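The figures here come from the full heavy-atom set of this structure, side chains too, leaving out hydrogens, waters and symmetry mates. Source: prediction; values computed, not measured.
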Amino acid sequence: MPSRFVPYEMQTTLVKVTSYEYKNLCGYLSNPFFGGSVYFNGLIPMLQLMEDMLDSLRFPQRSMERRTFDTEAPRVQPVTVEEADRERPVATFKLRVLFRQNASWEGDLVWVDRQAAAQFRSVLELIGILDSALGGLYEQNG
């Protein structure tokens, strides 16, 4: 299959976290591909939305087929939220997935509010980086 050009602005997704109480990640994904912000409530829905978006963009290409118990994996239905209806984020990250190999992701994460960056070599490592940033915020705030 011939590769296609994916504009740079679609390679980076803003993750706007509105809540991390009891380690439940809630917020919005913003990417020009979605044409707005998409709400997520939980880590797994966020990861599924990102995976679906990456599949639709075909960038980066996955190296393995998705495995499920069902023959047809259920897709997360994106809920687009208007700008005025969004909660104020407690943290904003720029997430860029560079590779999807061995059923995982590799890329980089920039914490916009703190101007800090980190690279991750797996989704598990990405989760740990997000938890270290957000867990620290919630410990500081009470």
Side-chain angles (χ1 to χ4, degrees), residues 1-83 85-141:
M1 173 182 337
S3 63
R4 65 182 191 153
F5 176 74
V6 176
Y8 181 77
E9 55 274 359
M10 287 190 184
Q11 295 176 23
T12 303
T13 299
L14 282 179
V15 180
K16 297 178 182 183
V17 178
T18 57
S19 174
Y20 194 61
E21 287 187 55
Y22 304 107
K23 296 192 181 264
N24 182 41
L25 187 66
C26 298
Y28 304 91
L29 294 178
S30 296
N31 185 297
F33 175 78
F34 289 125
S37 294
V38 180
Y39 176 76
F40 63 85
N41 183 1
L43 177 65
I44 291 175
M46 184 204 81
L47 295 174
Q48 287 175 324
L49 281 169
M50 277 294 300
E51 187 76 0
D52 289 347
M53 182 196 65
L54 295 171
D55 283 344
S56 296
L57 284 171
R58 291 184 297 182
F59 182 85
Q61 296 255 340
R62 66 169 60 233
S63 65
M64 301 176 77
E65 289 297 316
R66 184 182 288 187
R67 291 190 233 178
T68 65
F69 284 111
D70 298 329
T71 55
E72 182 70 28
R75 297 278 192 209
V76 174
Q77 294 301 316
V79 178
T80 304
V81 179
E82 297 299 322
E83 186 95 24
D85 296 332
R86 286 189 251 159
E87 294 178 49
R88 187 173 180 274
V90 295
T92 302
F93 300 91
K94 287 183 179 180
L95 174 61
R96 189 168 54 142
V97 178
L98 299 171
F99 303 101
R100 292 195 295 167
Q101 297 174 352
N102 302 319
S104 195
W105 301 345
E106 292 180 50
D108 52 62
L109 184 72
V110 176
W111 190 358
V112 175
D113 311 311
R114 299 278 172 98
Q115 298 178 344
Q119 286 74 42
F120 57 90
R121 294 166 294 206
S122 68
V123 173
L124 185 57
E125 197 171 35
L126 169 64
I127 293 167
I129 294 167
L130 285 170
D131 181 61
S132 70
L134 297 168
L137 278 180
Y138 274 82
E139 288 170 10
Q140 292 172 5
N141 294 339

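- Counting all heavy atoms, side chain and backbone alike, T12 lies closest to K94 at CG2-CB, 3.8 Å.
- With sequence neighbours left out, T13 forms a side chain to side chain donor-acceptor pair (under 3.5 Å) with N31.
- Across D108 and F120, no two heavy atoms sit closer than the pair N-CE2, 3.4 Å.
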Please report, to 0.1 Å, the donor-acceptor pairs under 3.5 Å made by any side chain of residues 125-135, with sequence neighbours excluded.
from: E125; atom 1: OE1; to: R121; atom 2: N; distance (Å): 2.5
from: E125; atom 1: OE1; to: R121; atom 2: NE; distance (Å): 3.3
from: E125; atom 1: OE2; to: R121; atom 2: NH2; distance (Å): 2.8
from: D131; atom 1: OD1; to: Y20; atom 2: OH; distance (Å): 2.5
from: D131; atom 1: OD1; to: K23; atom 2: NZ; distance (Å): 2.6
from: D131; atom 1: OD2; to: K23; atom 2: NZ; distance (Å): 3.2
from: S132; atom 1: OG; to: I129; atom 2: O; distance (Å): 2.8

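- Taken from CZ in F99 to CH2 in W105, the straight-line distance is 15.0 Å, to the nearest 0.5 Å.
- Applying the salt bridge (charged side-chain N to carboxylate O under 4.0 Å, His left out) test to pairs two or more places apart or on separate chains, none has a residue in residues 29-44.
- Atom CE of M46 sits about 12.5 Å away from atom CG of N41, to the nearest 0.5 Å.
- Rounded to the nearest 0.5 Å, atoms CG (L54) and CG (L49) are 10.5 Å apart.
- Here the straight-line distance linking atom NZ of K16 with atom CG of L29 works out to 10.5 Å at 0.5 Å rounding.
- Distance OG1/T18 to CZ/F40: 7.0 Å, rounded to 0.5 Å.
- Across all their heavy atoms, T92 and W111 have their closest contact at O-CD1, 3.6 Å.
- Looking only at distances, no side-chain donor or acceptor of R62 sits under 3.5 Å from a matching main-chain atom of R100.
- Contact between V90 and S19 at its shortest, heavy atoms only, is CG2-N, 4.4 Å.
- Side chains of V97 and P60 form a contact here, defined as non-hydrogen atoms less than 4.5 Å apart.
- Taking 4.5 Å as the limit, every side-chain heavy atom of F59 sits out of range of all side-chain heavy atoms of M10.
- When atom types are taken as modelled, the side chain of S104 and the backbone of V123 share a donor-acceptor pair closer than 3.5 angstrom.
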